[in-house]
Amino acid sequence: MPELPEVEVVRRGLERWVAGASLGEVAVLHPRSVRRHVRGAADFTASLSGRVVAEVRRRGKYLWLTLDSGDALLAHLGMSGQLLVQPCGADDERHLRVRLPLAVPPDSGPADPRELRFVDQRTFGHLLVDHLVDDGAGEGLPSVITHIARDPLDPAFDDDAFAAALRRRRTGLKRALLDQSLISGVGNIYADEALWAARLHWARPTETLRRPQIDTLLTAVREVMTAALAQGGTSFDSLYVNVNGESGYFERSLNAYGRRDRPCARCGAPIRRETFMNRSSYSCPRCQPVPRGARV
DNA sequence: AGTCCGCCCTGTACGC
DNA sequence: TGCGTACAGGGCGGAC
């Protein structure tokens, strides 16, 4: 499942292939993949054709290509989305949803034509074209994601403001971590990993957290993401950009997620699995005891 | 306004 | 073997 580190790996990989390239005739092979482009699939392709890509940016789990039209091609990978750069003649992937041919300036880049492909088995991901608005720091942000908070690796992320906002919440800690309007980029896997590292239980009432604990938590979030990024960033330098939640790139370093009944790396107690928000939460029963007033 | 639930989707694993 | 069910879960619309 792509969370911030995986999306950042894709962003870095994509940049090399698409910056400076122009888009040819885009083909939408599955309408659901552009469902959030409100003006429809035909408008989606029309607003991309012939546009030149400037740069690839990211906030949390959202990724966008800035275009010479002043708009952006915004992408969210959802659960199973991939953005691949392939030779135009390569066989279609089974779940190819959108095809975006690339043309590079004649005096640069590889001779064989390539295309950007959006592949998405479960179609939770999507693409859309959107105009940019000022994000408050002079940078452009796609208008449909202005409610997405800065992510913890963003230099402009405000720890003080986050701590204050977190304590104003009246909910459980993991629910807050997964709320992309409070802090972005954190999904189920890295939430569990950060909570384990910070020795905090997922149901801890947010308003009872003290500042040192919030700082410990933020440090943990940044460390697990940075470590994953370091692994992912060195895991591929191949022809195409790839992200695959099941790839196992980052599995080796997990301490909690998916480790039911296996010993905690700190204390040896068997990791427990609980159901919460219709998904799994993994934690150590000894290092992360259930707090008073737990919010399930 | 803040909080939270249900739904969307497909492939795999597993019990009977 | 085949069928049914559980599970994976991000983000949003809408209920409360």
Side-chain angles (χ1 to χ4, degrees), chain A residues 1-8 10 28-38 58-64 74-83 92-98 118-128 130 141-149 151 161-162 164-195 202-208 221 225 243-251 254 256-261 272-282 293-296:
Chain A
M1 288 62 69
E3 300 182 29
L4 186 154
E6 292 82 3
V7 178
E8 175 60 15
V10 173
V28 175
L29 307 178
H30 195 310
R32 184 171 153 80
S33 294
V34 296
R35 66 193 178 282
R36 304 204 66 83
H37 185 88
V38 290
R58 181 188 59 73
R59 174 177 284 200
K61 305 170 195 172
Y62 281 92
L63 188 70
W64 65 95
L74 180 68
H76 194 292
L77 301 177
M79 297 291 297
S80 55
Q82 297 172 281
L83 283 167
D92 285 2
E93 291 76 9
R94 179 164 179 199
H95 302 292
L96 177 61
R97 307 305 190 193
V98 183
F118 182 64
V119 177
D120 190 11
Q121 178 207 119
R122 285 155 71 181
T123 68
F124 275 50
H126 65 271
L127 304 181
L128 62 85
D130 191 17
L141 193 66
S143 73
V144 297
I145 62 162
T146 52
H147 64 292
I148 301 295
D151 61 65
F162 171 73
L166 186 61
R167 281 191 290 212
R168 280 197 300 270
R169 292 292 175 102
R170 294 293 181 270
T171 188
L173 180 53
K174 183 171 176 181
R175 198 187 290 276
L177 274 181
L178 296 177
D179 183 342
Q180 305 296 300
S181 68
L182 186 62
I183 180 172
S184 70
V186 183
N188 200 42
I189 296 175
Y190 296 114
D192 279 3
E193 291 301 300
L195 289 168
W202 53 266
R204 175 70 179 265
T206 47
E207 71 272 23
T208 67
V221 169
M225 284 185 169
V243 63
N244 181 342
E246 278 99 26
S247 70
Y249 281 167
F250 308 142
E251 263 173 35
L254 296 179
Y257 183 83
R259 291 179 50 83
R260 166 145 73 161
D261 295 335
R272 69 185 154 200
R273 175 190 179 274
E274 295 159 293
T275 300
F276 159 69
M277 290 172 77
N278 284 327
R279 63 200 65 182
S280 296
S281 282
Y282 299 89
R295 286 231 168 80
V296 178

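Here is the naming used below: chain letters follow the sequence lines, and residue numbers restart at 1 for every chain.
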- State, with a plain yes or no, whether a side-chain heavy atom of Phe118(A) is found less than 4.5 Å away from one of His126(A).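 A side-chain contact under 4.5 Å is absent here.
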- Query: Should Arg36(A) and Val144(A) count as side-chain neighbours, where that means a heavy-atom distance under 4.5 Å?
  - Reply: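 Answer no - side chains too far apart.
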Atom [atom1] of [X] and atom [atom2] of [N]: how far apart are they, to the nearest Å?
X: Met277(A); N: dC5(B); atom1: CE; atom2: C1'; result: 9 Å
X: Met79(A); N: dT10(B); atom1: CE; atom2: C1'; result: 11 Å
X: Leu128(A); N: dG11(C); atom1: CG; atom2: P; result: 13 Å
X: Asp120(A); N: dA8(C); atom1: CG; atom2: C1'; result: 14 Å
X: Arg35(A); N: dG13(C); atom1: CZ; atom2: C1'; result: 13 Å
X: Gln180(A); N: dG11(C); atom1: CD; atom2: C1'; result: 8 Å
X: Ile183(A); N: dG11(C); atom1: CD1; atom2: P; result: 13 Å
X: Arg32(A); N: dC9(B); atom1: CZ; atom2: P; result: 5 Å

Using a 4.0 Å heavy-atom cut-off, does [X] contact any base of the nucleic acid, only the sugar-phosphate backbone, or nothing at all?
X: Arg94(A); result: sugar-phosphate
X: Tyr62(A); result: sugar-phosphate
X: His147(A); result: sugar-phosphate

- Between Arg175(A) and Arg279(A), which is nearer to the 5' end of DNA chain B once each is assigned its nearest nucleotide?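 By nearest-heavy-atom nucleotide position, the 5'-most residue is Arg175(A).
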- Message: Using heavy-atom distances to pick each residue's nearest nucleotide on DNA chain B, tell me which of Gly172(A) and Arg97(A) is more 5'.
- Response: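 That would be Gly172(A).
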Examine [N]: is either OP1 or OP2 under 4.0 Å from a nitrogen or oxygen in the side chain of [X]? Give yes or no.
X: Ser280(A); N: dA8(C); answer: yes
X: Arg36(A); N: dC8(B); answer: no
X: His95(A); N: dG11(B); answer: yes
X: Arg122(A); N: dA8(C); answer: no
X: Ser80(A); N: dG11(B); answer: no

- Heavy-atom pair of closest approach, residues Gln82(A) and Leu77(A):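 Taking every non-hydrogen atom into account, N-CD2, 4.1 Å.
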- Query: Ignoring hydrogens and angles, are the base of dG2(B) and the side chain of Arg168(A) linked by a donor-acceptor pair under 3.5 Å?
  - Reply: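 In this structure, the two groups form no donor-acceptor pair.
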- Is any NZ, NE, NH1 or NH2 atom of the basic residue among Asp151(A) and Arg58(A) found under 4.0 Å from an Asp or Glu carboxylate oxygen of the other?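 Looking at Arg58(A) together with Asp151(A), the answer is yes, because their closest N to O distance falls below 4.0 Å.
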- Message: Between Lys174(A) and Asp192(A) (salt bridge meaning N to carboxylate O under 4.0 Å), is one present in this structure?
- Response: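 The answer is yes: the pair qualifies as a salt bridge.
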- Go through dA8(C), dG10(C), dT3(B) for me and flag the one nearest to the Arg273(A) side chain.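 Among dA8(C), dG10(C), dT3(B), the one nearest the side chain of Arg273(A) is dA8(C).
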